[in-house]
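Just follow the structure's listing: the first ligand is 1, and inside any ligand the first atom is 1.
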Amino acid sequence: MKFEDIRNICVVGAGNMGHQIALQAAICGYKVKCSDVNAETLKKADDFVNSYLPGRVEKGRLTAEQAKQARGNIRFVDSLQEAAGDADFVIEAATEVLSLKRKIFADLDRIAPAHCILATNSSAIVSSKIADATQRQDKVVNMHFFNPALVMKLVEVVKGPHVSDETADLTMELSKVMQKVPVLLKKEVDGFLLNRIFAAISKEASWLLEMGVADVEDIDNACVYGAGHPMGPFRLNDLTGLDLSYIMRMEKFRDTGNPADLPNPRLVEHYMKGEYGEKTGKGWYDYTKK
Ligand code: NAD
């Protein structure tokens with residue numbers, strides 16, 4: 001496939017990441033269909049687009065015409081068949097569960113045209129764990145956006161051993177046209193680049209909290225005011241979701257069987273209480289009070 005042949009993009013999952021990836025692609029001129037199994041999520045995503053675009057026009061970031069075009073470019077649908085049937089490129093951003101992703105990719109392989117690339121936005125699952133659910137392993141690749149996807153520039157493209165040069169090149173190119181800065185990982189590695197680096201920081205931050213050395217806010221402040229990070233590890237975790245961190249740690253533990261990979265007790269406590277961070281109003285911080 002030539003890069004110019006990529007016109008229709010399908011995004012699977014309209015949650016935290018999916019609706020923003022879909023909107024970014026629509027703003028950049030692609031025809032986008034974003035699917036989800038949850039009607040409420042689809043409605044919320046559509047409402048977000050309606051409120052986000054006028055705000056961009058007000059701030060002078062988009063012209064009224066560009067906003068109108070972007071609105072016309074994106075649709076939220078409840079059917080994977082409808083979303084992927086004519087797709088040239090799929091970005092899967094569904095819930096971080098390997099068995100679910102394998103099922104979605106097997107379905108996509110059946111539904112999407114033969115030339116279509118199937119990318120996963122997974123934070124931690126390397127595409128070689130998914131590719132063999134399809135008959136097009138060379139076209140299954142990691143394309144990892146960061147949260148919030150409309151704002152964050154980085155995209156990690158991971159070239160697993162099964163990924164063709166053409167797929168990696170087209171995914172890098174698409175990321176650029178979507179106004180992102182892609183980095184290429186030449187081999188699969190657990191946690192990719194940035195999350196590995198963050199994991200080291202986050203592990204140390206959790207240890208300092210556990211040992212009672214400092215509180216959440218002061219550990220975050222040390223990172224912000226001492227290291228120039230835009231936000232500290234706990235605040236960032238509230239943004240990305242404690243549920244996602246918990247699921248990722250459990251997936252890793254299931255993989256390795258190493259107790260050191262289990263989520264730390266405080267994270268488990270928040271998870272069990274349904275305190276997932278900003279989206280539930282409470283996580284490491286309490287947002288109901290601010
Ligand atoms: P989320 O829970 O906000 O959204 C996931 C969505 O997938 C939900 O709306 C759910 O209804 C939908 N879904 C589940 N099964 C589906 C199916 N069969 N078909 C269509 N939709 C389905 O999760 P999220 O935070 O947006 O994460 C999505 C993916 O993005 C995960 O793989 C995650 O690892 C990755 N990711 C997340 C972040 C982050 O900061 N949250 C950052 C980078 C990557």
Note: R235-D220 ion pair, threshold 4.0 Å (strictly below):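 No, this pair does not count.
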Do D107 and R110 pass the salt bridge (charged side-chain N to carboxylate O under 4.0 Å, His left out) test, and can you show the C-alpha distance, the side-chain angles, and the key distance before you say yes or no? CA-CA 5 Å; D107 289 346; R110 199 170 25 80; 3.0 Å; yes
List the atom pairs, with distances to 0.1 Å, where a side-chain N or O of residues 143-154 and a protein N or O form a donor-acceptor pair under 3.5 Å, not counting sequence neighbours.
residue, atom, partner, partner atom, Å
H144, ND1, E156, OE1, 3.0
N147, ND2, L239, O, 3.4
K153, NZ, Q179, O, 3.1

Taking only heavy atoms of the protein into account, state which residues are under 4.0 angstrom from an atom of ligand 1, in chain and number order.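 Its neighbours under 4.0 Å (heavy atoms only) are V12, G13, G15, N16, M17, S35, D36, V37, N38, T41, A93, A94, T95, E96, L100, K101, I104, N121, S122, S123, H144, F145, N147, T240, L244, given by chain and number.
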N/O donor to acceptor pairs below 3.5 angstrom from side-chain atoms of residues 24-31, sequence neighbours left out:
residue, atom, partner, partner atom, Å
Q24, NE2, M178, O, 3.0
K31, NZ, N73, OD1, 3.2

Sort out for me which residue in Y276, Y285, Y287 forms a side chain to side chain donor-acceptor pair (under 3.5 Å) with D238.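 Going through the options one by one, the only one that passes is Y287.
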Can you give each donor-acceptor pair under 3.5 Å made by side-chain atoms of residues 199-207, sequence neighbours left out, with the distance rounded to 0.1 Å?
residue, atom, partner, partner atom, Å
S206, OG, S202, O, 3.0
S206, OG, N264, ND2, 3.3

